[in-house]
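Note: hydrogens, waters and symmetry copies are ignored here, and every other heavy atom, side chains too, is used. Just so you know, these numbers come straight off a predicted model, no measurement behind them.
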Amino acid sequence: MSYLKEFLIQINNRDFHKFLVLWEEYCTSESVETEEFSQLLKAVKASDLARHFGQIVETALPLWKTINDKQESYEILRLLIDLQTTNSPQLSAITFEALNSMYGTHPKFNEWLRIAGLRNKDNFQGALSKVDLLAHMNKNNVVFHTGGWGTGEIVDLSFVREHLVIEFENVSGRKDMSFINAFKTLIPLPHTHFLARRFSNPDLLEKEGREDPVVLMTLLLHDLGPKTAAEIKDELCELVIPEKDWTKWWQGARAKIKKNAIIGSPESIKMPFYLRQAEQTPDERLQEAIQDKTDINQIIQTTYNFVRDTPGVLKNPAIKQSLQDKLLQAVQSGNINLVYELQAYLLLEQFFGFDQANERIAEIVKKNENLEDIVQHIDIVAFKKRAMMAIKNHRTDWQQIFLNLLFFVPQAQLRDYIQRELYRDAKGLPQLEKRLKDLAAYPAKFPDMFVWYFQKIMNEEEEDKLYQNQGGRNLFFESFFILFSALENQPHQRELLKKMYNMLSGQRYALVRERLQGTSLEFAKEILLLASKCQTLTGHDMKILRSLTEVVHPSLVLPKQKKGSKSEDFDEEIWTTEESYLKVQDRIRLIGTVEMVENAREIEAARALGDLRENSEYKFAQERRARLQSELKTLSSQLNKARILTPDDIHSNEVGIGSTITLAGKNGQNLLYTILGPWDADPDQNVLSANSKLALSMMGKKIGDNVQFKDEDYEIVGLGSYFKK
C-alpha cells in the first residue's frame, strides 16, 4: 500500500490538485492492489474531494478492468458508481452489465432498475448500492443505519408504496422509512455479519467469544475494520460481554491475540488492532515489529514484550542471534545512557543467556552512586525488580537504597519485595521501623506510601509487618484521618482521597468497627475529633462514626429525643434495607449508563430528521431527557442520605424504624404492621413508611400503649424486629 499513505495526506489537506497529480501517476500502473484501491475510494467518498473526483471516475476504469476476482471487481465498481457524477453512457453500460450478471434472473430486476435510476439513465449515481439494498429488502433481514440508529431488522415492506418498517437497536418503537431515505442511510448486512449476529443473538456470540476470543475478534475486525482497544470495548462490552466480566475477559483475550498469526496487535493503546492479509509466523512478526526500530528504548520494549508473550520465538538460532547483535550494537555504541544500558543487559541476561551481561550489570551497580534514580526510570517493572536484586547482591549499602526506593516506586509488587527484604535483614529492620514511625508522624510527606502500608497492616491475612499490633494499627488509624484532612486541599490527590474514603466507608464502615473494638475512651474521642476536621465526610458519615463509638463507649451517648418522635427530622436521613439500597443504586446506574445513552441517541436521531420546531420525536426525546435527569438528581441526593437498617438499630422495648407491631382492637381484630423507610413501604403487605401518619403516631410507644387508627382505638400487644419475622 505504497500510495495510500500519500493519498490520505492530500485528502486530509483537501488539496485536489496534488491529489490529481498523484492519481494520474497511480492510474499508469499495470495492475492494482485491490485492498489499497478499495481503501482509497472509501477515503475519497468520505471526504470533501468526492464531488471533484466524481467527474473523473472514468479514469479509474482501466485499473478496475485489471481486477480478475469477480467479487472484488464488483465491490470496486460499486464504490466507483457511488462516486460518479457524470452519468455517462459508458458507466451506464458497465453498471447495467454488472447488475444484469448479478440479478438479471430475479423477477423484480426491472423494477429495481427503475427505482435505482437506471431506466432513464439520467442519474444513476449509487445504482449498484441501491440495487444491492433492494435485493436485500426482505422481512427478517438485517440492515445498519449510518445516522446513529444502529442495527435493525426489517419487519415489513411494500414495493408498491416504496416503503419499509424497521426495528432498530438504538431507538424505541418501529420506524417507517421510504426507499429514498433508506438509500441514504441503510447498509445491508448478511446474517453472518458481526453487527447482525450481535443484534439477533448476542447470547450465542457471547458463548463463542468466551470459548475462543480470537474467533470473535477476527469476526469483529473483518466486518468493522481496524479498531483500537477502546473502540473494541465500545462494540463488545455489555452488548456481548457483561461489564462485570469485561476486564478479566479482555486480559485473557489480549494474551491470546498477541500470539495469533492473523490479528495484528498495536504498539500503543491509541493504535488499532487489525487483520493481516496472510498469517505470519512468530519469527516474521517479531522481525516486522523490530525492523524499523532504531531507538534503543523501542528495541528493548518491543523485544521484551514480544519474547514475553511468545516464549518460543527465540528457539530460532538465527532470530536470537540477530536480536542479540542488534542489542549489543546499540549498547556498545557509546551513545546510550545508563538506564537503557542496564535494561538492555538485563534483557540479554534473562532471555538470551548472554555470558557478559552479569559482569556489566554488576559493574553498573557497584560504581554508580545514583541507583535510586536509575531504577525509577526503568520502564519495565520486571527489570526494576531484577535491578533491585542486583543491588542487593553487589552493594553493601543496599538497605539504604531500598529504603529510599520504598517511598518512591509506585508499583505495589515492588514495595512488597522491598519491605520483605528489609524486614528479614538484621540491619535493615531497625532502619525500616524508624522510617515507618516517621511516616505515621508525617503521613502527608508520602501519601501514596502511607495508604499502601496502611492497607497492609490493617489486613489480617498479611504477615511480617511492623506496627501490625493493636497499638501500631491505632497509631496509623489516627494518622489516616490526619492525611485525609490534608489531602482535601490538594486537587491532584482526588483519586487517592476517593480511595481512602472507600476504604473508610466500605462494607458498612467495617474498618472503623474493627479499629474501635477494645480501644480507650480517649482514643475514640480523638478519632471523632480528627474525623470532624475532614470536610469530605458528610453529616451522615459523622452520624455513623459517632454511633459506632457510642456502641463501644456508651458514655459518649448524647441526650436526645426518643427515636422516631415527630420532632425528629426524618428528611435528614433515609432508612432503608440493604436490598432497597442496592435497587436504588442499580436504578441510578441504569439511568446513567443505559437510559441516558439511549436518550442521547434518540435526540441525535430525531435531530437528523430536521426542522426541530415541528419535530415531535425531538420534543419527546428532550422531555424524556428532562425526566431522566430529574430522577437521577433526586435518587442521587436521596442515596447520599440513606442509612442501611441493621438489627442493632432496632429497639426491642419501643416502636421505631424496623419494628413489627401487633395491634389489638376492641372488636377482637388484630393488625400486624412493619415500619421501614420510604423505599421499602408496601401498603399491600402492611409495611408502613416511617414518614406516614400512622407510623409517626406509634413511634416511641411501648407494649400496653394505645394507638388511634381510623377512628378506632387499638392497643399495642406485641413488638418484634423486622429481621426476626
Side-chain angles (χ1 to χ4, degrees), residues 458 460 470 473-474 477 501-521 523-528 531-532 537-565 567-585 638-662 672-681 687-691 695-696 698-703 716 718-725:
M458 296 299 167
E460 297 290 345
Q470 179 79 352
R473 285 172 173 158
N474 289 348
F477 193 54
Y501 178 79
N502 290 336
M503 290 167 57
L504 187 69
S505 60
Q507 297 180 332
R508 291 168 48 204
Y509 298 83
L511 177 64
V512 181
R513 296 173 192 271
E514 293 171 3
R515 290 278 47 83
L516 289 175
Q517 291 298 323
T519 58
S520 65
L521 178 62
F523 177 79
K525 289 181 178 179
E526 182 66 16
I527 292 300
L528 287 177
S532 67
L537 299 181
T538 64
H540 177 58
D541 294 319
M542 291 304 301
K543 283 184 180 181
I544 293 177
L545 292 178
R546 174 164 286 281
S547 67
L548 293 175
T549 58
E550 290 172 355
V551 171
V552 180
H553 299 286
S555 61
L556 291 175
V557 177
L558 299 175
K560 58 181 181 180
Q561 294 175 311
K562 288 183 178 180
K563 183 179 178 180
S565 65
S567 60
E568 187 177 1
D569 183 9
F570 283 100
D571 292 331
E572 180 61 24
E573 57 187 20
I574 298 175
W575 289 88
T576 178
T577 61
E578 185 173 7
E579 181 183 5
S580 292
Y581 183 90
L582 294 175
K583 284 182 180 178
V584 173
Q585 271 191 330
Q638 290 178 345
L639 196 68
N640 290 332
K641 300 177 182 179
R643 178 174 175 179
I644 296 176
L645 190 68
T646 69
D648 294 335
D649 296 316
I650 300 172
H651 292 279
S652 60
N653 59 351
E654 67 177 41
V655 178
I657 296 176
S659 296
T660 57
I661 308 102
T662 303
L672 179 65
Y673 288 101
T674 301
I675 298 178
L676 293 175
W679 294 346
D680 300 277
V687 179
L688 304 176
S689 167
N691 296 337
L696 289 172
M698 291 191 288
M699 288 293 190
K701 294 190 175 182
K702 302 179 181 180
I703 293 177
I716 298 176
L719 278 177
S721 169
Y722 163 79
F723 292 97
K724 296 180 180 180
K725 291 193 298 182

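For the atom pair CG (Asp680) and NZ (Lys583), the distance works out to 8.0 Å, reported to the nearest 0.5 Å. Annotation: the span from Met698 atom CE to Ser659 atom OG amounts to 9.0 Å, rounded to 0.5 Å. Rounded to the nearest 0.5 angstrom, Leu545 CG and Leu537 CG are separated by 6.5 Å. To the nearest 0.5 Å, the span separating CZ on Arg508 from CD on Glu578 amounts to 6.5 Å. Rounded to the nearest 0.5 angstrom, Gln638 CD and Thr576 OG1 are separated by 10.5 Å. One finds the OG1 atom of Thr549 at 9.0 Å from the CG atom of Leu521 (value rounded to the nearest 0.5 Å).
The closest side-chain heavy-atom distance from Tyr722 to Ile657 is not below 4.5 Å. Side-chain contact between His540 and Arg643 is present, with at least one heavy-atom pair separated by less than 4.5 Å. Inter-residue side-chain proximity for Thr519 and His553 is flagged as met; some heavy-atom pair is nearer than 4.5 Å. Put simply, the side chain of Ile661 does not reach to within 4.5 Å of the side chain of Leu672, judged on heavy atoms. Residues Lys525 and Leu556 form a side-chain contact, since some pair of their non-hydrogen atoms from C-beta on lies under 4.5 Å apart. Taking the side chain as every heavy atom from C-beta outward, Thr674 and Leu688 never approach each other to under 4.5 Å. The shortest distance between side-chain heavy atoms of Leu639 and Tyr581 falls below 4.5 Å. Counting heavy atoms from C-beta outward, Leu719 and Thr660 have side chains that stay 4.5 Å or more apart.
Between Ala690 and Leu696 the shortest heavy-atom distance is O-CD2, 3.6 Å. For the pair Ser689 and Ala695, the tightest heavy-atom approach, listed with the atom from each and the gap, is O-CB, 3.2 Å. Here the closest heavy-atom approach between residue Gly658 and residue Leu676 is recorded as CA-CD2, 4.1 Å. The shortest non-hydrogen separation linking Phe723 to Pro647 is CE1-N, 3.6 Å. Shortest non-hydrogen contact noted between Pro678 and Asn691 is CG-ND2, 4.5 Å. Counting all heavy atoms, side chain and backbone alike, Ser721 lies closest to Ile650 at OG-CD1, 3.4 Å.
Within 6.0 Å of CD on Gln585 lie more than 12 heavy atoms contributed by other residues, nucleotides or ligands.
Between the His651 side chain and the Gly656 main chain, no donor and acceptor come within less than 3.5 Å of each other. With Ser580 contributing its side chain and Thr577 its backbone, the two residues share no donor-acceptor pair below 3.5 Å. Of the possible polar contacts, none joining the Arg515 side chain to the Gln470 backbone as a donor-acceptor pair under 3.5 Å is found.
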Val512 and Leu504: CA distance, side-chain angles, deciding distance, side chain to side chain contact (heavy atoms under 4.5 Å, CB included) verdict: CA-CA 7 Å; Val512 181; Leu504 187 69; 3.7 Å; yes
Test side chain to side chain contact (heavy atoms under 4.5 Å, CB included) applied to Phe523 and Phe477, step by step: CA-CA 10 Å; Phe523 177 79; Phe477 193 54; 3.9 Å; yes
Full working for side chain to side chain contact (heavy atoms under 4.5 Å, CB included) between Leu528 and Arg546: CA-CA 7 Å; Leu528 287 177; Arg546 174 164 286 281; 4.0 Å; yes
Stepwise side chain to side chain contact (heavy atoms under 4.5 Å, CB included) check, Met458 with Arg473: CA-CA 7 Å; Met458 296 299 167; Arg473 285 172 173 158; 3.9 Å; yes
